Amino acid sequence: MRYIILTIIILSIIAFPTVGQASPAVSANNAILMEASTGRVLFEKNAYERQSIASITKIMTAIIAIESGKLDKKVTASRKAVYTEGSSIYLEQGEKMTLEDLLYGLMLRSGNDAAVAISEYVGGSEEGFTFLMNEKAKWLGMNDSNFMNPHGLDAKEHYSSAYDMALLTKYAMGNKKFRAISGEETYLSDSRTYSWRNKNKLLTQYYEYCTGGKTGYTKKTGRTLVTTAEKDGLELIAVTLDAPDDWNDHIQLFEWGFKNYKMKTLEKKGEKLYKLDDINDLSSGYIRDDLEYPLTEDETNEVVQKNVLLAKAKQSPNQPIGKSVFYLNNQPILQAAVYKNPNRRELAADLKLMIEKVMGMNSLW
């Protein structure tokens, strides 16, 4: 019996790590708190379970539409779009509206009619657009997601997870236009005489550090919510699924995160002495970007740095000669290429680093 109790305690600590104070208690069935630049998961509760997600689906719809590069193009509302059930921006059949305006209606007012109009224009059809959504999800590593429509109305095979939606939001917030739309409190379209007000009350009323997000609800799915917040250089993403008290859940998650974690500079860009394995004649190397990671005060003292040789053969001046890798609890958390030359960049290595950063990957080369 003693061993069973001990096992339960250990598993509880792993699932809900405490840092400085007890982890936040949330009403959500599924929840996650992620640091936006590195993708580090600070808190999770059933974050990898596949669940219905309602209108937070529209984050995927929005980023695909933005990346189409057609924001200034006019979109004609079809009969199918106009008669889509649920929340609406009240498009009329044959009405023309710019793709950008539709995106504001999509994100601020959660217009299902806007979602269908966008999908038909960008994807050629709603089915074609859904294909793009699933291809994007695969590319982002959203392994527990499948999209059946661009709006999030309940469908049997339409699902995602709290982790996947945080991963998607991490990517989307890297786009300036998405960030601007998501963080807008009100918007007036040229085709409307009244402004749209954002349904995200965390942004408009409840939390001063909120920078954006998306609401969602259906009777079957319950309340879903994605929000972002930034304070003192730390940017966080919170996702809750089936959360009766979601506004309060997100405030608690953010406050807990901001209290316990800070962005720590593990290494500053510039010249530094590096001793790489099997290279005895190396006197200096260069890191070209600051390396920052969210850590608690206790964790800061536990980070270990190791320098690794990439190849024993002599490297050209513009190629990386090694990498500096940081570990926490024997797990790699951050890395950077080490160069001989401070100015010239080796394209392939830099591209690999950029892709890993976008994908939130910490794997070693």
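None of these values were measured; they are calculated from a predicted model. In what follows, every heavy atom counts, from backbone to side chain, and hydrogens, waters and symmetry copies are set aside.
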Let me see the working for V122 and K70 under side-chain contact (heavy atoms from CB on, under 4.5 Å), right down to the final yes or no.
CA-CA 8 Å; V122 175; K70 301 176 180 179; 5.6 Å; no
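Summarising the geometry, atom OG1 belonging to T265 is positioned 10.5 Å from atom CG belonging to L295; distances are rounded to the nearest 0.5 Å.
Identified under the side chain to side chain donor-acceptor pair (under 3.5 Å) test for residues 82-91, with sequence neighbours left out: S88-D113. Residue pairs meeting the salt bridge (Lys or Arg N to Asp or Glu O under 4.0 Å) criterion with at least one partner in residues 26-36, sequence neighbours excluded, do not occur; the list is empty. Within the structure, the salt bridge (Lys or Arg N to Asp or Glu O under 4.0 Å) test picks out the following pairs touching residues 186-195 (sequence neighbours left out): E95-R192. Legend: salt bridge (Lys or Arg N to Asp or Glu O under 4.0 Å) pairs involving residues 206-230, not counting sequence neighbours, sorted by first then second residue: R223-D246. Residue pairs meeting the ring pair (Phe, Tyr, Trp, His ring centres under 6.0 Å) criterion with at least one partner in residues 140-160, sequence neighbours excluded, are F147-H158. For residues 101-112, there are no salt bridge (Lys or Arg N to Asp or Glu O under 4.0 Å) pairs, not counting sequence neighbours. Identified under the ring pair (Phe, Tyr, Trp, His ring centres under 6.0 Å) test for residues 208-250, with sequence neighbours left out: Y206-W247, Y207-Y209.
Under a cutoff of 6.0 Å and an axis angle of 45°, K306 and Y327 form a cation-pi pair.
Judged as a side-chain hydrogen bond (donor to acceptor under 3.5 Å, both in side chains), and not counting sequence neighbours, T215 has no contacts. Considering only residues two or more places apart in sequence or on other chains, E235 meets the side-chain hydrogen bond (donor to acceptor under 3.5 Å, both in side chains) condition with R179. Partners of E49 under the side-chain hydrogen bond (donor to acceptor under 3.5 Å, both in side chains) rule, at least two apart in sequence or in another chain, are N30, Q51. In this view, K136 and E67 satisfy the salt bridge (Lys or Arg N to Asp or Glu O under 4.0 Å) rule, not counting sequence neighbours. Evaluation of the side-chain hydrogen bond (donor to acceptor under 3.5 Å, both in side chains) rule for E126 yields K80 as partners, not counting sequence neighbours.
If you check the side chains of D249 and T240, you find no donor sitting under 3.5 Å from an acceptor.
Between Y104 and Y187, the ring planes are parallel. Angles under 30° get that label, and only those over 60° would be called perpendicular.
Put simply, the side chain of E299 does not reach to within 4.5 Å of the side chain of K264, judged on heavy atoms.
For the pair T61 (side chain) and P150 (backbone), a donor-acceptor distance under 3.5 Å is present.
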